[in-house]
Amino acid sequence: MVRPRPSSRDALSIVREKLQAYAERGVFQGFCEHTTRRGLPVFRFVWLAGRPMELTVDTAKHVLRFQQILPGVPARSPMYAQLKGFIADRHDRDLPEHRRVDRRRAAASCTSRSGSVSISLAVKHNQYAYGANRIVNLVHELFVYLRDTCPEYLVENFDAPQE
């Protein structure tokens with residue numbers, strides 16, 4: 001049986017509900033929704049590193065994106081190469097299911113523009129509930145990874161404690 005494709009509005013509602021659940025559990029602070037100049041819905045909240053983050057939802061392109069989540073990372077830097085490797089490794093079948101991005105359902109990537117890194121998840125087969133959960137987990141794991149491998153970066157760019 002073929003499942004009907006959700007409309008853009010349904011897909012957005014699915015993402016909104018998943019993110020709202022994080023806010024209701026106290027994971028996100030100051031959770032709100034607004035629209036970009038291009039008309040894309042954006043969810044804004046304070047989460048990791050105590051500063052606002054924005055998750056853009058593009059249902060036409062089936063992409064969830066944390067825009068400019070990591071400042072100060074030039075595209076040709078060793079750190080960016082390391083980040084790209086980390087993101088690519090999230091598809092590794094040897095990772096536990098709760099930490100892995102299933103390539104059949106979504107594809108994670110990162111880009112650098114003007115020295116800031118954005119993290120994206122291309123949702124496949126309208127798996128928006130999965131995608132919303134995966135991108136939140138992916139970004140959480142990314143910050144854990146940075147704390148372990150690049151603590152000086154977090155101190156410089158996010159005022160993280162030096163301990």
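Everything quoted here is computed from the prediction, not taken from an experiment. Positions are given from 1 along the sequence.
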Heavy-atom side-chain proximity of Val73 to Tyr153 below 4.5 angstrom = yes
Would you say Thr56 and Phe66 make side-chain contact, with heavy atoms under 4.5 Å?
-> no
Determine, stepwise, if the pair Tyr22 / Phe45 fulfils ring pair (Phe, Tyr, Trp, His ring centres under 6.0 Å).
-> CA-CA 10 Å; Tyr22 284 108; Phe45 44 87; 8.6 Å; no
Quick one: CZ on Phe28 to CZ on Phe43, what's the gap to the nearest 0.5 Å?
-> 10.5 Å
Nearest-0.5 Å distance that lies between atom CD1 in Ile119 and atom CG in Leu64 | 13.0 Å
Using the six-membered ring of Phe86, assess whether NZ or CZ of Arg90 lies under 6.0 Å from its centre and within 45 degrees of the ring axis.
-> yes
Find the distance between SG (Cys110) and CD1 (Ile69) and round it off to the nearest 0.5 Å.
-> 11.0 Å
Would you call Phe158 and Leu48 a side-chain contact if the rule is heavy atoms closer than 4.5 Å?
-> no
After noting the C-alpha distance and the side-chain angles of Arg38 and Asp58, does the key distance pass the side-chain contact (heavy atoms from CB on, under 4.5 Å) rule?
-> CA-CA 10 Å; Arg38 294 184 357 210; Asp58 188 337; 4.1 Å; yes
Exam field: side chain Arg134 to backbone His98, donor-acceptor pair closer than 3.5 Å | yes
Test item: Arg100 side-chain N/O and Arg93 main-chain N/O as donor-acceptor pair under 3.5 Å = yes
Considering only heavy atoms from C-beta outward, does the side chain of Leu40 approach that of Val57 to under 4.5 Å?
-> no
Judged by modelled atom types alone, do Tyr145 and Gln82 share a side-chain donor-acceptor pair under 3.5 Å?
-> yes
Closest heavy-atom pair, Tyr80 versus Ala75, reported as atoms and distance to 0.1 Å, is CD2-O, 3.0 Å
For the pair Ser118 (side chain) and Thr111 (backbone), establish whether a donor and an acceptor sit closer than 3.5 Å, ignoring hydrogens and angles.
-> no
Glu33 CD to Leu55 CG distance, which is reported to the nearest 0.5 Å = 10.5 Å
Nearest heavy-atom pair of Val136 and Trp47: which atoms, and what distance?
-> O-CH2, 3.1 Å
